[in-house]
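Here is how names work: the chains are called A, B, and so on, in the same order as the sequence lines, proteins then strands, and each is numbered from 1.
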Amino acid sequence: MKALLYKEFKLVVNPLFYCVALFSALILIPQWLYFIALLYFCFMSAPNLFTLSKTYKEVYFTATLPVLRRDVVKARLVSLVVLEVLQIVVAAVCVVLKLTVMTTPNYIFLDGNLAFLGLSFVMFGLFNIVLLPMFYQTAYKIAMPAILATVVSVAFAAAVELGVIYLPAVADLFDGMHTTAAHVITLAAGIAVFAGLNIAAYRVSAARFETVDL
Amino acid sequence: MNILEVERLCKAYPAFRLKDVSFVLEHGYIMGFIGSNGAGKTTTLKTIMKMVNKDSGTVRVFGQDFDRSELEIKQKIGFMMGETDYFPKHRLGQITDVVRCFYPAWDEAAYRAYLSRFHLDEAKRVDELSSGMRVKYSLTLALSHRAELLILDEPTSGLDPVARDDLLELFQELIEDGDKSILFSTHITSDLEKCADFITYIKNGTILESCAENELIAKYRLVKGPRRQLDTLTAGMVSYRLNAFGFQALMQTAAIPANAELMVEAPTLEDIMVYHERKGEQTHESAAV
């Protein structure tokens, strides 16, 4: 597994993908839709990672190595998770700045707070649960899985933002520049959902990849 | 001792089937796996390596069941699909750094020795190498992790005659010490005449022959004669060609009758393959004669 991860980060994950995490700093823009800052991962890093892997014929290279297919899926999932967490870590730094220095609230959309970070985890979890199982049905078709996974993530973010705008109960739960118990619970629950969705994504993807003829 | 045993391997696609593919490779020998394009050579090799899921059948390597001991077996196999064409923009050194991590038995001294012997520069990118050099790089990786069984899919296609000859000599050299075996597929039959000990011939997903090269050659004869003799030679004939002087046919040696009008000579592997491949067309042609 260690060797597979080394292969992912040495040969497949382009160093530019780490820079995409810096898009999370767009959260510092006042009165903006902060989810967009995180969605750059879905727009850029994830599809390009799979496209590069396909261009490099990485799946055939890996098939010649002494590895199990399920570990190949696990290594790819871990690569995605590392990049996603990096995206959220940069966002978290910006959220801390928002909560402590730039304290002006977002008058329309969801504030940059701990609940936002928790919901971001859920968004990435949804992205992975759609992308990976769909991709590993063929292990080469990436366009449709990437489009659908992005649509689902954008739909989730839009639903949250619309909820904050039009449903006071949702706004009370997630919005606000003062950290509440609900915000902390949302963050913890978001991380748990992210972990659960990734485990499910791994299981379904690994089972599907086992049946693929390369 | 058998290093590779393939038994009744089956795989069905909508338009193609591998049917009960069985053959055995003994330790310390080279086996050529021949067949025309689309005959099932690559599918068979991929099925052996579990890149393609088999419908039924068993593969045993080093006496172990492949399904049960996949990781252990793969440590001792060097598998190469054509020339190295993955990671074209990466440097050889970068790829080696990764491959090295997968093999506890990696022999760095051997790797350096093969790099120097094949004049491979680690700083070069894969797409800067010629086809022959890419094959040599793949072999370098396989040999550096002390692979005992090399499974090579079309390693010589795309190489010029000098590079091919070079490679075939290397194959012979590799098995000299008796601890390596090679199974390689090709449709260039002249390659096998230079180095193969055993031949397995596949046609339309079915193994037609699998035996020692000299046994295979001895099993068939090229028979030439006047057209009037053709009708007397139905038994044991694989297929035939008509020409201005009469006919030329591939026949099973045991079925050739004593006949002063017939000229009999040993076929090449190419003759055996070509006449077998024409077998489907023969009925139609026969009817037209």
Side-chain angles (χ1 to χ4, degrees), chain A residues 1-18 48-76 78-79 82 133 135-142 204-214, chain B residues 11-14 16 18 42-43 45-55 66-67 69-91 93-106 125-127 138 141-142 145 147 150-153:
Chain A
M1 190 60 198
K2 237 166 82 178
L4 271 171
L5 282 176
Y6 184 66
K7 181 219 69 184
E8 285 284 306
F9 286 98
K10 179 106 179 172
L11 297 179
V12 185
V13 176
N14 191 293
L16 278 176
F17 296 163
Y18 302 119
N48 278 313
L49 190 150
F50 281 90
T51 308
L52 269 182
S53 162
K54 186 173 159 181
T55 309
Y56 293 154
K57 300 186 179 176
E58 178 268 334
V59 72
Y60 296 103
F61 168 77
T62 309
T64 65
L65 298 170
V67 292
L68 297 175
R69 286 193 183 202
R70 60 174 177 269
D71 289 336
V72 174
V73 174
K74 201 185 284 175
R76 177 55 50 85
V78 170
S79 314
V82 166
F135 174 74
Y136 280 109
Q137 270 178 328
T138 62
Y140 72 92
K141 286 183 181 169
I142 183 58
V204 178
S205 307
R208 288 185 177 177
F209 189 40
E210 291 286 350
T211 64
V212 170
D213 290 333
L214 298 173
Chain B
K11 173 71 187 176
Y13 289 104
F16 175 76
L18 275 188
T42 300
T43 306
L45 298 187
K46 281 183 168 182
T47 311
I48 290 172
M49 290 300 292
K50 278 189 82 173
M51 288 175 76
V52 165
N53 292 289
K54 61 181 186 278
D55 294 336
F66 199 104
D67 292 335
S69 314
E70 183 180 351
L71 286 183
E72 202 183 324
I73 288 170
K74 277 184 165 178
Q75 284 288 342
K76 293 189 273 182
I77 291 184
F79 179 55
M80 196 179 92
M81 289 174 60
E83 63 194 40
T84 307
D85 60 352
Y86 33 70
F87 301 110
K89 293 296 176 190
H90 284 72
R91 297 182 195 282
Q94 287 176 292
I95 297 174
T96 305
D97 280 347
V98 169
V99 173
R100 186 188 284 126
C101 297
F102 287 88
Y103 297 99
W106 182 266
R125 296 179 199 279
V126 170
D127 65 358
S138 290
L141 293 179
H145 68 78
L150 299 177
I151 299 180
L152 315 169
D153 186 22

From B:Gln94 CD over to A:Lys7 NZ, what is the distance, rounded to the nearest 0.5 angstrom? 14.5 Å
Parallel, tilted or perpendicular: ring planes of A:Tyr56 versus B:His90, cut at 30 and 60 degrees: perpendicular
Residue selection (most heavy-atom pairs with chain B, distance under 4.5 Å) from A:Thr55, A:Thr211, A:Val12: A:Thr211
For the student: nearest non-hydrogen atoms of B:Phe102 and A:Pro66, plus distance: O-CG, 3.6 Å
So which atom in B:Val52 and which in A:Leu214 form the shortest heavy-atom distance, rounded to 0.1 Å? CG2-O, 3.7 Å
More than 12 non-hydrogen atoms from neighbouring residues, nucleotides or ligands closer than 6.0 Å to NZ on B:Lys76, yes or no? yes
Are more than 12 heavy atoms, taken from residues, nucleotides or ligands other than A:Arg70, located less than 6.0 Å from that residue's CZ atom? no
Please classify the contact between B:Gln75 and chain A as side chain, backbone, both or neither, with a heavy-atom cut-off of under 4.5 Å. both
CD (B:Glu70) and CZ (A:Arg69) are apart, to the nearest 0.5 Å, by 8.5 Å
Any non-hydrogen side-chain atom of B:Leu71 less than 4.5 Å from a side-chain atom of A:Leu68? yes
Contact part of A:Leu52 toward chain B, heavy-atom cut-off under 4.5 Å: side chain, backbone, both or neither? neither
Among B:Val98, B:Val99, B:Ile151, the residue with the most heavy-atom pairs under 4.5 Å to chain A is B:Val98
Any side-chain heavy atom of A:Leu65 within less than 4.5 Å of one from B:Lys74? no
Can you tell me if NZ on B:Lys89 sees more than 12 non-hydrogen neighbours from other groups inside 6.0 Å? no
Is it true that atom OH of A:Tyr60 has more than 12 heavy atoms of other residues, nucleotides or ligands lying nearer than 6.0 Å? no
Answer whether the closest heavy-atom distance between the side chains of B:Phe87 and A:Glu58 falls below 4.5 Å. yes
Apply the test side chain to side chain contact (heavy atoms under 4.5 Å, CB included) to residues B:Met80 and A:Thr64: give CA-CA distance (whole Å), side-chain angles for both, the deciding distance (0.1 Å), then the verdict. CA-CA 7 Å; B:Met80 196 179 92; A:Thr64 65; over 6 Å; no
Is a salt bridge present between B:Lys11 and A:Asp213, judged by a nitrogen-to-oxygen distance below 4.0 Å? yes
Heavy-atom distance under 4.5 Å to chain B: side chain of A:Val59, backbone, both or neither? neither
